Amino acid sequence: MKQVDALIVAVEEIARKTIKMDIRISKEILSEIKPGQFVHIKVGEGTEFMLRRPISICDLDMKEETLTLIFKIFGEGTEMLARLKPDQAINLLIPCGNGYSIDSIEADEVLLIGGGIGVPPLYYLGKKLQEKNIKVTSILGFQSSADVFYEAAFQSLGATYIATNDGTYGTEGFVTDVIDHFGLKGDYYFSCGPTPMLKAVETKLHDTKGFLSLEERMGCGIGACYACVVKTQDGESNKKVCQDGPVFEANEVEL
Amino acid sequence: MKQVDALIVAVEEIARKTIKMDIRISKEILSEIKPGQFVHIKVGEGTEFMLRRPISICDLDMKEETLTLIFKIFGEGTEMLARLKPDQAINLLIPCGNGYSIDSIEADEVLLIGGGIGVPPLYYLGKKLQEKNIKVTSILGFQSSADVFYEAAFQSLGATYIATNDGTYGTEGFVTDVIDHFGLKGDYYFSCGPTPMLKAVETKLHDTKGFLSLEERMGCGIGACYACVVKTQDGESNKKVCQDGPVFEANEVEL
Amino acid sequence: MSMLGVSLPGLALKNPIMPASGCFSFGKEYSQFYDLSKLGSVMVKAATLNKRLGNDTPRVAETKSGMLNAIGLQNPGVEAIITDELPFLEQFDLPVIANVAGSTIEEYEAVASHLRNSNIAAIELNISCPNVKEGGVQFGTDPNVAAEVTRRVKAAASVPVYVKLSPNVTDIVEIAQAVEAAGADGLTMINTLTGMKIDLNKRRPLLSNGVGGLSGPAIKPVAIRMIYQVYQAVNIPIIGMGGVRDAEDVLEFLLAGASAVAVGTANFENPHVCSDIIDALPFVLKEYGFDSVTDAIGKGHINA
Amino acid sequence: MSMLGVSLPGLALKNPIMPASGCFSFGKEYSQFYDLSKLGSVMVKAATLNKRLGNDTPRVAETKSGMLNAIGLQNPGVEAIITDELPFLEQFDLPVIANVAGSTIEEYEAVASHLRNSNIAAIELNISCPNVKEGGVQFGTDPNVAAEVTRRVKAAASVPVYVKLSPNVTDIVEIAQAVEAAGADGLTMINTLTGMKIDLNKRRPLLSNGVGGLSGPAIKPVAIRMIYQVYQAVNIPIIGMGGVRDAEDVLEFLLAGASAVAVGTANFENPHVCSDIIDALPFVLKEYGFDSVTDAIGKGHINA
Ligand SMILES: Cc1cc2nc3c(=O)[nH]c(=O)nc-3n(C[C@H](O)[C@H](O)[C@H](O)COP(=O)(O)OP(=O)(O)OC[C@H]3O[C@@H](n4cnc5c(N)ncnc54)[C@H](O)[C@@H]3O)c2cc1C
Ligand SMILES: Cc1cc2nc3c(=O)[nH]c(=O)nc-3n(C[C@H](O)[C@H](O)[C@H](O)COP(=O)(O)OP(=O)(O)OC[C@H]3O[C@@H](n4cnc5c(N)ncnc54)[C@H](O)[C@@H]3O)c2cc1C
Ligand SMILES: Cc1cc2nc3c(=O)[nH]c(=O)nc-3n(C[C@H](O)[C@H](O)[C@H](O)COP(=O)(O)O)c2cc1C
Ligand SMILES: Cc1cc2nc3c(=O)[nH]c(=O)nc-3n(C[C@H](O)[C@H](O)[C@H](O)COP(=O)(O)O)c2cc1C
Ligand code: FES
Ligand code: FES
């Protein structure tokens with residue numbers, strides 16, 4: 001892991017309050033990144049924001065030497081980040097966390113199940129799975145039509161289903177409704193999104209091996225402060241989301 | 001007094017760590033300004049810097065609708081301000097303080113005596129005195145040649161003498177040495193600079209009527225918090241530098 | 001009652017926002033920026049029996065997201081305040097809260113007695129000023145002394161008395177309960193935390209007084225914690241303060257248990273801050289699902 | 001001695017900079033960023049007798065120029081720390097300071113006894129953790145209890161004991177003097193201020209524990225004030241902490257009376273912060289006219 005001052009290449013609002021940001025990162029660093037990892041971002045230069053913000057890696061381009069993040073403007077920190085302009089610097093810890101270990105899995109077809117700001121990390125994962133000739137089906141859930149992003153990108157990876165809570169786009173309801181409705185399945189599933197969604201997915205797909213990416217409030221982002229823990233399902237010990245995760249096997253930790 | 005968000009027109013380093021900043025201000029506001037007044041500037045947008053920075057008004061241009069400030073990079077706040085770029089906004093309370101009351105004075109010739117960052121407010125004062133056909137002689141003290149600024153500007157108002165502490169420019173020594181050396185005098189003097197200089201000037205020119213502009217650490221900048229007081233010479237009461245000053249008559253307050 | 005209205009002992013507030021004592025003098029300066037009738041109330045600068053010149057300068061220092069002050073209770077004395085300062089506020093439609101300070105219990109009593117001849121709606125009893133050599137803070141750190149001052153000032157005063165608590169204590173609940181038992185009509189909290197900044201060049205404390213009071217957003221978490229704890233332990237209303245600069249901050253104080261909220265340091269950053277907050281508050285209340293200010297008070301408690 | 005060196009009981013420090021307990025785990029993670037041998041020392045995460053899982057999440061919250069934490073002393077227990085964690089640090093050229101916590105005096109004693117079998121240079125006795133239901137903070141707020149824990153841990157320990165003081169007290173000097181009299185070899189201060197943040201959406205405290213400990217630049221003025229006051233009242237050295245993030249901050253702590261300085265929260269903002277400070281410190285000392293660290297200690301006192 002490194003701390004780098006990187007230059008912003010592009011900033012674009014691609015859906016409601018949803019920012020796509022491209023950042024210049026060297027090939028050397030990009031080549032270490034695994035899908036599912038995240039960066040830990042400093043907000044502003046001074047002391048007002050002492051904690052970094054964790055944002056998943058959505059995509060990277062080795063040739064252009066860029067990294068893509070997609071984040072939602074949620075509170076003051078993401079609002080500050082959204083105001084950054086091309087050629088300004090951004091300070092990152094990169095890469096953080098374990099990522100999805102896809103080298104070890106044997107699968108013909110997998111499901112990518114994302115909700116809201118859980119969608120971005122699945123994109124780079126999907127690209128990597130596609131490179132391994134694994135068939136990818138994506139199920140993406142959003143609040144409303146105004147929040148939908150990256151549908152076309154996911155379509156280029158395989159069949160893509162959209163669910164919106166209010167039914168203004170795609171199927172009305174949750175990602176689990178889509179799974180039911182279209183009878184979707186795979187040898188594995190990979191999921192990222194709000195905890196209630198992860199729980200529903202874990203329950204629905206209890207017979208399928210799966211990986212879940214978790215969110216927790218963080219301090220250090222590197223495993224040193226014990227802020228971001230999650231209990232193992234046996235209740236006996238804690239895992240750190242920033243270091244042991246953010247990706248865990250289904251049924252490994254308490255949701 | 002108003003709180004305004006103004007646009008920066010130009011930022012230039014005109015001497016060592018000395019920034020000249022031009023700011024767009026409407027004619028209506030400029031027309032209320034008296035020489036010797038100051039603006040109280042918000043640093044940054046967030047909470048890191050809760051106190052504004054007082055900076056004297058150096059010049060204004062009614063036609064261009066600009067206000068000119070000159071300030072030294074001293075600590076974190078002025079460093080942040082120096083990084084602002086044209087077209088960025090700056091938040092000011094304007095105008096603050098009483099200023100030099102030049103309408104009431106009867107004089108043929110006056111001395112302007114400035115030290116370091118005390119020089120800027122004397123420039124607009126000098127312009128106003130010149131408009132009244134009063135002969136202006138300026139004595140400006142700086143640390144070293146690298147710190148000297150606005151010599152030509154003052155020369156356009158009248159005879160101008162420079163002193164530097166280290167003798168690298170003009171007369172070696174203090175402004176009071178220049179006064180001695182050249183036997184300078186006037187019906188009035190106007191002085192602004194560090195307190196030791198003001199004391200020396202007040203002592204040297206004890207027979208001349210004068211006005212001194214003071215500096216004190218400020219909270220509100222408008223007279224409401226009692227941070228910036230100075231005792232009257234009788235020791236009986238306090239004056240507020242931000243509201244009753246920054247300009248006081250010589251021998252009015254304790255230095 | 002209107003969405004923003006709150007009714008407290010002696011104070012029928014059209015909204016819960018008021019400038020904090022010492023940050024707003026007696027109102028004149030800020031009346032250049034907006035109509036003070038817009039405010040719920042105003043807490044004016046501390047009054048002592050006689051004129052005080054306060055501490056030497058520097059009296060303020062900036063700190064990260066905060067500031068230190070050691071004004072030292074400069075004020076013209078209670079009589080001059082009644083004669084020369086308070087009349088200005090009568091043109092505005094708001095109840096005025098006087099801030100009473102002193103070095104001895106007798107002085108507190110005397111100031112409160114003098115204020116019988118004025119048009120104030122309530123007294124804020126300042127037993128927590130950290131910036132004077134004598135009096136001030138020690139009255140606020142010992143529950144028995146705090147109770148005694150409260151009792152004596154209550155007896156001397158003709159209006160409800162709100163006791164201003166010091167955060168520089170091991171157990172704020174104990175002090176709050178002591179002054180409640182002594183008859184306080186309400187509490188205001190928190191005053192400043194005692195702090196210091198050292199001038200690296202001069203090799204001495206930057207403030208001439210040495211220590212000063214820390215205020216501003218830096219202390220908000222301490223204020224919220226103390227109000228939360230005290231709210232559960234007393235039955236008198238709390239006027240909260242400490243680092244407020246926007247309407248979300250105000251809502252946080254209400255949820256913690258404050259019935260009204262004062263704004264201090266933020267006035268220096270933005271002279272319109274109280275007016276801005278009053279404009280924003282209805283929207284922020286709605287955004288978070290509250291119908292009114294009273295609806296939100298204390299609702300941040302787990303079993304509220 | 002070198003420009004940066006400081007010699008304290010049990011601690012021959014090549015420089016006065018060390019990460020603060022709980023912000024650096026046992027060093028492994030930060031060793032990715034720089035060679036830990038560069039540090040003066042390292043204060044490792046708190047040890048209790050048995051493994052603890054700590055509080056529920058959320059355990060941290062951001063505040064203006066600071067943060068709240070309520071980790072709740074998660075740690076694998078003192079034996080596991082000795083066996084699994086401390087050996088990693090042996091490869092680096094630095095004295096290690098263990099942080100001892102507990103819920104009872106007996107637990108404190110037991111942890112200190114276990115640590116006899118380890119390679120540590122000193123103990124930091126944590127009687128000031130605000131984030132556990134039992135134990136922790138009350139040991140640090142009553143001078144008699146603080147003295148008693150100190151005495152017992154001193155007797156059990158084989159290395160010098162530095163007592164970590166809580167800032168959440170009315171009179172920090174009284175506690176400092178009590179633990180000095182009880183045999184403390186040094187003091188570390190300050191631990192976090194107790195604070196709270198309320199989640200406006202959830203209408204409850206954001207931290208699952210309710211209250212948490214406030215750290216970061218926001219609290220620096222309180223830390224400086226307390227160190228300044230305690231320095232005048234005790235004859236044992238102080239390791240200072242609270243909001244340090246650059247070499248100027250370190251100098252301010254030295255001037256206030258600290259002999260060494262720990263850095264906590266700032267590691268999260270900048271994982272290189274301790275290393276950066278060590279690089280900058282000689283220049284900052286020179287800029288302000290000091291020949292060495294020891295030359296600066298206590299020099300901010302008016303009669304120093
Ligand atoms: C491993 C991981 C990956 C993430 N990836 C993405 C992503 O790709 N896109 C995206 O939009 N969001 C992502 N998030 C969520 C994102 O970190 C938060 O939305 C963001 O931190 C909110 O910051 P703020 O300043 O806007 O909110 P504020 O509420 O002002 O933040 C205050 C503090 O709370 C923390 N916080 C608030 N919400 C969350 C949250 N949901 N998770 C963790 N910390 C939080 C902040 O980091 C900060 O420390 C991810 C979170 C984690 C843990
Ligand atoms: C009426 C008045 C007019 C001034 N005009 C000018 C000018 O035209 N050009 C110029 O360069 N400087 C001027 N100054 C001084 C200028 O205000 C300070 O240099 C500046 O505030 C330093 O801020 P900082 O953030 O760089 O320093 P820091 O030390 O980081 O500031 C910390 C705090 O101390 C205050 N402070 C520090 N030094 C001073 C000082 N000398 N006077 C008042 N407050 C101080 C700051 O305002 C701030 O609140 C003036 C001061 C006053 C009172
Ligand atoms: C410059 C200044 C002067 C103050 N003077 C007084 C005072 O006279 N009486 C008083 O009770 N509190 C006084 N206070 C404390 C404030 O009223 C308030 O309790 C404290 O600043 C916390 O609120 P804030 O963070 O919004 O400033 C003063 C605060 C400041 C900053
Ligand atoms: C996440 C976190 C965990 C902490 N854990 C401990 C601990 O286990 N033991 C302890 O004595 N102090 C602990 N502290 C307090 C710090 O050591 C330090 O005293 C405090 O944070 C002030 O320093 P800072 O402002 O540099 O962070 C912790 C602080 C933080 C932020
Ligand atoms: S954020 Fe510090 S351990 Fe995970
Ligand atoms: S700065 Fe507030 S009275 Fe002058």
Side-chain angles (χ1 to χ4, degrees), chain B residues 1-5 32 39-54 74-78 80 91-97 195 214-232 234-245 253-255, chain C residues 19 22-34 44-46 51-76 200-201 206-208 212 215-218 220 243 245-246 249 264-273 275-276:
Chain B
M1 193 186 317
K2 292 218 159 41
Q3 177 174 209
V4 299
D5 266 317
E32 288 172 25
V39 294
H40 209 31
I41 310 180
K42 164 107 182 110
V43 179
E45 284 180 46
T47 66
E48 184 173 357
F49 302 95
M50 287 299 289
L51 297 183
R52 290 169 176 267
R53 303 302 192 264
F74 176 76
E76 280 189 284
T78 46
M80 289 274 291
N91 186 282
L92 311 173
L93 305 186
I94 176 170
C96 302
T195 307
L214 268 58
E215 276 181 24
E216 193 48 74
R217 289 187 182 244
M218 293 186 178
C220 65
I222 67 169
C225 77
Y226 302 84
C228 65
V229 299
V230 55
K231 276 216 174 62
T232 51
D234 61 15
E236 289 295 304
S237 58
N238 285 334
K239 297 274 179 181
K240 298 174 196 161
V241 171
C242 70
Q243 192 181 41
D244 305 319
V253 295
E254 253 180 32
L255 293 180
Chain C
C23 302
F24 211 74
S25 196
F26 299 94
K28 208 171 284 172
E29 294 76 15
Y30 285 97
S31 71
Q32 303 173 69
F33 292 99
Y34 58 92
V44 298
K45 178 77 191 153
K51 164 174 147 178
R52 291 205 195 184
L53 291 182
N55 294 321
D56 286 345
T57 58
R59 292 179 171 188
V60 293
E62 193 179 58
T63 68
K64 292 302 179 182
S65 295
M67 66 174 283
L68 291 164
N69 89 80
I71 307 297
L73 293 181
Q74 173 177 347
N75 80 96
L200 303 184
N201 285 305
L206 196 150
L207 298 177
S208 76
S215 61
K220 195 182 77 170
R245 68 193 279 278
D246 61 28
D249 292 334
T265 305
N267 290 290
F268 307 157
E269 184 202 0
N270 170 15
H272 291 97
V273 66
S275 168
D276 291 351

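As a basis for the values below, the full set of heavy atoms in this structure was taken, side chains included, without hydrogen atoms, waters or symmetry mates. Treat the numbers as computed from the prediction; the structure is a model and nothing was measured.
- Cation-pi geometry between B/K240 and B/Y226 is satisfied (NZ or CZ under 6.0 Å from the ring centre, within 45° of the ring normal).
- Per-residue counts of heavy-atom pairs under 4.5 Å with chain B were compared for C/P58, C/P271, C/C23, C/G27; the largest is that of C/P271.
- In this structure, CD1 in B/I222 is found 13.0 Å from NZ in C/K28, a value given to the nearest 0.5 Å.
- Proximity of C/Q74 to B/N238: side-chain heavy atoms (C-beta onward) are separated by under 4.5 Å at one or more points.
- Within the 4.5 Å cutoff, the side chain of B/R217 has no heavy atoms near those of the B/C228 side chain.
- Contacts of C/L206 with chain B are made by side-chain atoms alone, with heavy-atom separations under 4.5 Å and no backbone atom involved.
- For chain C, the nearby parts of B/E48 are the backbone and the side chain; heavy atoms of each come within less than 4.5 Å.
- The closest side-chain heavy-atom distance from B/R52 to B/I41 is not below 4.5 Å.
- By the 30° and 60° cut-offs, the orientation of the rings of C/H272 relative to C/F33 is perpendicular.
- If you measure heavy-atom distances from B/K231 to chain C, the contacts under 4.5 Å come from the side chain alone.
- Considering only heavy-atom pairs separated by less than 4.5 Å from chain C, the leading option among B/G75, B/S237, B/G77, B/G221 is B/S237.
- For C/A61, the part lying under 4.5 angstrom from a heavy atom of chain B is the backbone only.
- Proximity to chain B (any heavy atom under 4.5 Å) is restricted, for C/D56, to the side chain, taken from C-beta onward.
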